[in-house]
Amino acid sequence: MSSNVRAAASALMRGKTVIITGANCGIGKATAAELLRRQARVILACRDRGRAEEAARELRLETGDHGEIVVKELDLSSLRSVRRFCQEVLKEEPHLDVLINNAGIFQCPYMKTEDGFEMQFGVNHLGHFLLTHLLLGLLKSSAPSRIVVVSSKLYKYGEINFDDLNSEKSYSRSFGYSRSKLANILFTRELARRLEGTGVTVNSLHPGIVRTNLGRHINIPTLIKPVFHAVSWAFFKTPEEGAQTSVYLAASPDIEGISGKYFGNCKEEELLPKATDDLVARKLWGYQ
């Protein structure tokens with residue numbers, strides 16, 4: 001990023017309020033650090049308040065006096081928690097300029113959320129769907145504002161099966177994750193359509209393959225672990241590198257007015273037909 005573009009992005013974010021889900025580690029924390037450097041006011045929305053407070057301390061040391069950090073508890077596996085979080089935000093925040101739906105769970109064993117949804121679909125899609133819906137009024141009154149949805153290239157392996165959205169007939173960890181990421185993209189497209197003319201834009205992205213703890217539920221044989229770690233250090237992105245597209249969509253003046261698109265490496269990318277099926281997107285919206 002050139003110095004002129006960086007300066008413009010910094011000017012754009014100065015004094016702006018940004019919510020980042022899952023901001024206590026990995027890509028979310030790296031995104032928070034970069035936006036703090038741009039003078040943003042960042043709300044870390046995290047399931048574990050203790051870990052979020054520790055992340056806030058580390059971010060303050062890393063970024064100095066830049067920006068402002070607020071910590072709030074948000075458990076996306078609990079719709080009650082999502083509602084409580086949004087009630088607090090609506091009560092305390094006069095404006096909301098950027099919402100970054102970053103948190104996610106990856107290839108976990110079959111389990112259900114507090115409300116009875118399959119965990120990956122519940123956290124990665126449904127929790128963020130409700131969060132966004134409840135904050136839309138504030139985002140609209142703060143326009144121009146932005147919504148950023150972190151998806152994954154693995155959406156390519158997912159399918160939306162309306163006969164078994166809760167994976168009660170069959171469950172695959174990898175398919176479940178891919179389906180939730182496909183749902184993120186379909187949600188982005190349908191939301192962009194519904195937000196036309198409001199001044200609120202929404203775009204999705206893939207961060208690439210990043211070294212984070214997102215894969216904590218994957219069992220890697222002991223003998224292979226050293227090789228896997230060596231490969232990850234050699235070829236995977238750092239969280240800071242993985243966060244660049246999130247930061248770009250949140251802060252770049254180049255994105256002003258662009259909505260409903262899918263990005264990777266700070267550039268728009270083409271989607272497979274399954275991710276541009278507006279009939280499926282509208283049907284999925286109606287299932288929420």
Side chain Thr276, main chain Pro273, donor-acceptor under 3.5 Å: yes

Donor-acceptor contact below 3.5 Å, side chain Thr31 vs main chain Val247: no

Test item: Val150 and Leu205 side chains (from C-beta on) under 4.5 Å apart, heavy atoms: yes

Derivation and outcome, side-chain contact (heavy atoms from CB on, under 4.5 Å), residues Ser170 and Phe175: CA-CA 10 Å; Ser170 64; Phe175 171 80; over 6 Å; no

Connected via hydrophobic side-chain network under 4.5 Å: Leu165 and Ile185: yes

Main-chain N/O of Glu114 paired to Ser78 side chain as donor or acceptor, under 3.5 Å: no

Heavy-atom side-chain proximity of Thr113 to Leu79 below 4.5 angstrom: no

Least distance between heavy atoms, Pro207 atom then Gly242 atom: CB-O, 3.4 Å

Asp48 vs Asn24 side-chain heavy atoms within contact, under 4.5 Å: no

Minimum heavy-atom distance Gly15-His95, with the two atoms named: O-CE1, 3.7 Å

Tyr110 side chain near Glu168 side chain, heavy-atom distance below 4.5 Å: yes

Salt bridge flag under 4.0 Å for residues Glu118 and Arg179: yes

Test log, rule side-chain contact (heavy atoms from CB on, under 4.5 Å), inputs Lys140 and Leu195: CA-CA 9 Å; Lys140 288 178 181 178; Leu195 289 176; 3.7 Å; yes

Leu131 and Leu74, any side-chain heavy atoms less than 4.5 Å apart: yes

Distance-only side-chain donor-acceptor flag, Asn124 / Ser180, under 3.5 Å: yes

Note: Arg194-Glu190 ion pair, threshold 4.0 Å (strictly below): yes

Heavy-atom side-chain proximity of Lys16 to Leu35 below 4.5 angstrom: no

Spacing of Leu249 atom CG and Glu268 atom CD [to the nearest 0.5 Å]: 10.5 Å

Thr21 backbone acceptor or donor facing Asn102 side chain under 3.5 Å: yes

Shortest non-hydrogen contact from Ala250 toward Ile100: CB-CD1, 4.1 Å

From NZ (Lys29) to CD (Glu240), nearest 0.5 Å: 9.0 Å

Path from Val149 to Leu134 over hydrophobic side-chain contacts below 4.5 Å: yes

Geometric class of the His125/Phe121 ring pair [parallel <30°, tilted 30-60°, perpendicular >60°]: tilted

Arg38 and Glu34: CA distance, side-chain angles, deciding distance, salt bridge (Lys or Arg N to Asp or Glu O under 4.0 Å) verdict: CA-CA 7 Å; Arg38 288 165 164 72; Glu34 196 59 40; 2.4 Å; yes

Salt bridge Glu54-Arg51, side-chain N to carboxylate O under 4.0 Å: no

Sidechain-backbone polar pair: Gln120 side chain, Arg173 backbone, donor-acceptor under 3.5 Å: yes

Evaluation steps, side-chain contact (heavy atoms from CB on, under 4.5 Å), between Ile255 and Lys261: CA-CA 10 Å; Ile255 302 302; Lys261 305 302 182 181; over 6 Å; no

Heavy-atom neighbours of Glu270 CD exceed 12 at 6.0 Å: no

Which residues share a ring pair (Phe, Tyr, Trp, His ring centres under 6.0 Å) with Tyr262, sequence neighbours left out: Tyr155, His206

Over 12 non-hydrogen atoms of neighbours within 6.0 angstrom of NE2 in His133: no

From CA spacing to verdict: side-chain contact (heavy atoms from CB on, under 4.5 Å), Glu62, Leu36: CA-CA 10 Å; Glu62 182 181 345; Leu36 285 166; over 6 Å; no

Distance, nearest 0.5 Å, that separates CZ of Arg49 from CG of Asp75: 13.5 Å

Non-hydrogen atoms of Gly116 and Asn166 that approach each other most closely: O-ND2, 2.9 Å

Check: Leu284 and Phe129 side chains under 4.5 Å, non-hydrogen atoms: no

Same apolar cluster: Met119 and Tyr171, side chain cutoff 4.5 Å: no

OG-CG distance between Ser142 and Leu135, expressed to the nearest 0.5 angstrom: 10.0 Å

Single-linkage hydrophobic cluster, 4.5 Å side-chain cutoff, Leu90 and Ile43 together: yes

Side-chain touch Phe187/Ile147, heavy atoms, less than 4.5 angstrom: no

Distance (rounded to the nearest 0.5 Å) between Ser152 OG and Ile209 CD1: 8.5 Å

What side-chain donor-acceptor pairs closer than 3.5 Å can you find for residues 156-163, not counting sequence neighbours?
unit_1, atom_1, unit_2, atom_2, d
Glu159, OE2, Lys274, NZ, 2.9
Asn161, OD1, Asp163, N, 3.0

N-O pairing of Glu93 and Lys72 below 4.0 Å: no

Nearest heavy atoms of Ala281 and Leu186, plus distance in Å: CB-O, 3.6 Å

Chi angles and distances behind the side-chain hydrogen bond (donor to acceptor under 3.5 Å, both in side chains) call for Thr132, Asn101: CA-CA 8 Å; Thr132 306; Asn101 292 340; 3.0 Å; yes

Flag, side chain of Ser178 to backbone of Leu154, donor-acceptor distance under 3.5 Å: yes

Ion pair Arg84/Glu88, N-O distance below 4.0 Å: no

Result of checking Arg60, Arg37, Gln39 against His66 for side-chain hydrogen bond (donor to acceptor under 3.5 Å, both in side chains): Gln39

Nearest non-hydrogen partners of Tyr248 and Asp254, listed with the distance: OH-CB, 3.7 Å

Partners passing side chain to side chain contact (heavy atoms under 4.5 Å, CB included) against Ser259 (at least two apart in sequence or in another chain): Ala192, Thr201, Val202

